[in-house]
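One structure is given here, and the rest of the page talks about it.
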Amino acid sequence: MMIMAAAAVNESPNRSTEDKTSTRGQNEVNRKLKYISLAILVIQNASLILSIRYVRTLPGDHFYTTSAVVMAEVLKVSTCVVIILIQKRGNVKSFVSLLYDSIVVQYLDTLKLAVPSLIYTLQNNLQYVAISNLPAATFQVTYQLKILTTALFSVLMLHKSLSKIQWISLMLLFAGVAIVQVDQEGGKQKEALTSTNQNYFKGLVSVIISCLSSGFAGVYFEKILKGSSASVWMRNIQLGIFGTVLGLLGMWWNDGAAIAEKGFLFGYTPMVWGVIFNQAFGGLLVAVVVKYADNILKGFATSFSIIVSTITSVYLFGFHVDLIFTLGAGLVIGAVYMYSLPKPNASTSSTSSSSHSEGGDSELEAFLPKSVLVK
């Protein structure tokens, strides 16, 4: 008995050392994945806006944006199907049973997603219109208004409370976007856009409606997610089914005759395919960022992507950056960072409990805009 006890005592420190070594190794891997995923997110955010802007302003035949929206939905659904199939370890029977139960048996639950899916489909098309008619940097800055609309709908629909810093950040955000728009409206950029058959006002209205729809649909989707046990991947499949159907209807309504004559893939080039894959990839990327990083670092990535797209626009599109634009963009970047700061809590106990709950909320919020729409 004494020998066994001594052996157990000797094994305990060894196990403890092994556990600590394993934990340190896992933390190191997670730390590397965090910064890698954030760096890729910056590149993805900036490259998506710039690439859409580029392919939509090239001379010659243009692809139909409605078909691109449908193709992106199909790719996202396909990817989510593969992810769930991997989670089921390739068990096709279990996978089909899960799909049937989640989509068909619980059809009322599935139908709830028709509303955000309709809005997201509209938003995806509006983003193409906005980017086609606005400078990439201006779109990137203005599109941050979705933070304001999401916050307002969260207060109205989910009865969330915002800290004073968050309210201040929202006011700074609005002021920054307003400064950028006044600068663009009064500058020479408007003349340049008009000369190339681009409509600044049309682009501005499109991005504002896109921000409003993003806020409402995101909060609505969050409410649905919190009211069920379905995974985010399954919800994206349900959204994608409606999105594909609604996208096809929109495509038929707007470009049906032209697509019937020229084909669904008319105007598709390797660059266009890259844009579509980038759109679908963006939603999956956020899942990785949420898992290995946090909302504050995601805010940094969003802000940095604005800087990257602005600098690149100067070289690619001859975009003119002046002092007023820099001031407005700076306010927007600061507002994004301030809004991402965690709320102060009164006590340590409340800090731990609220940080756990807010971590889940921020995870959901981070999934909302990017996992189901073009971001």
Side-chain angles (χ1 to χ4, degrees), residues 15 18-41 44 70-114 116-117 120 221-222 224-245 247 273 276-295 298 356-357 359-375:
R15 287 181 180 176
E18 290 176 1
D19 290 343
K20 289 181 179 179
T21 303
S22 176
T23 302
R24 281 199 298 268
Q26 187 62 44
N27 288 339
E28 181 66 19
V29 171
N30 289 348
R31 187 177 69 83
K32 290 180 180 179
L33 286 172
K34 174 175 68 175
Y35 291 110
I36 290 172
S37 61
L38 284 168
I40 296 174
L41 180 62
Q44 189 273 334
V70 173
M71 184 60 71
E73 289 294 329
V74 171
L75 285 175
K76 282 187 281 188
V77 170
S78 302
T79 306
C80 289
V81 166
V82 172
I83 290 174
I84 295 178
L85 190 57
I86 292 173
Q87 290 176 342
K88 293 294 180 180
R89 301 182 183 276
N91 190 328
V92 177
K93 184 177 180 181
S94 176
F95 168 72
V96 172
S97 176
L98 176 64
L99 281 184
Y100 180 77
D101 180 69
S102 300
I103 298 174
V104 180
V105 176
Q106 303 180 41
Y107 67 94
L108 291 177
D109 197 40
T110 303
L111 287 174
K112 292 179 182 177
L113 293 168
S117 183
Y120 282 134
F221 186 48
E222 178 182 356
I224 292 175
L225 278 176
K226 288 183 174 179
S228 71
S229 58
S231 69
V232 174
W233 307 118
M234 181 56 68
R235 286 305 193 192
N236 275 315
I237 290 176
Q238 293 170 316
L239 273 171
I241 291 172
F242 283 112
T244 302
V245 172
W273 278 110
I276 294 172
F277 275 103
N278 199 351
Q279 291 171 346
F281 173 68
L284 303 176
L285 178 60
V286 171
V288 178
V289 171
V290 169
K291 182 174 182 180
Y292 294 107
D294 55 40
N295 216 32
K298 183 173 176 291
H356 178 73
S357 61
D361 290 350
S362 64
E363 180 172 339
L364 288 173
E365 289 172 0
F367 271 117
L368 300 183
K370 289 280 287 182
S371 63
V372 288
L373 53 89
V374 178
K375 236 92 143 287

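This is a predicted model, so every value here is computed, not measured.
Here CG of L75 is found 5.0 Å from CZ of F277. Values are rounded to the nearest 0.5 Å. Note that the OG atom of S78 and the CD1 atom of I237 stand 9.5 Å from one another [nearest 0.5 Å]. Remark: M71 CE to K76 NZ distance equals 13.0 Å, nearest 0.5 Å. To the nearest 0.5 Å, atoms SG (C80) and CG (L85) are separated by 12.5 Å.
Across all non-hydrogen atoms, the minimal contact from A72 to A280 is O-CB, 4.2 Å. Here the closest non-hydrogen pair linking G240 and E73 is CA-OE1, 3.5 Å. S117 approaches G243 most closely through the heavy-atom pair OG-N, 2.8 Å. The shortest non-hydrogen separation linking K88 to L98 is CE-CD2, 3.7 Å.
Judged by distance alone, the side chains of Q238 and T110 do bring a donor and an acceptor atom under 3.5 Å apart.
Between N91 and K93 the shortest side-chain heavy-atom distance falls below 4.5 Å.
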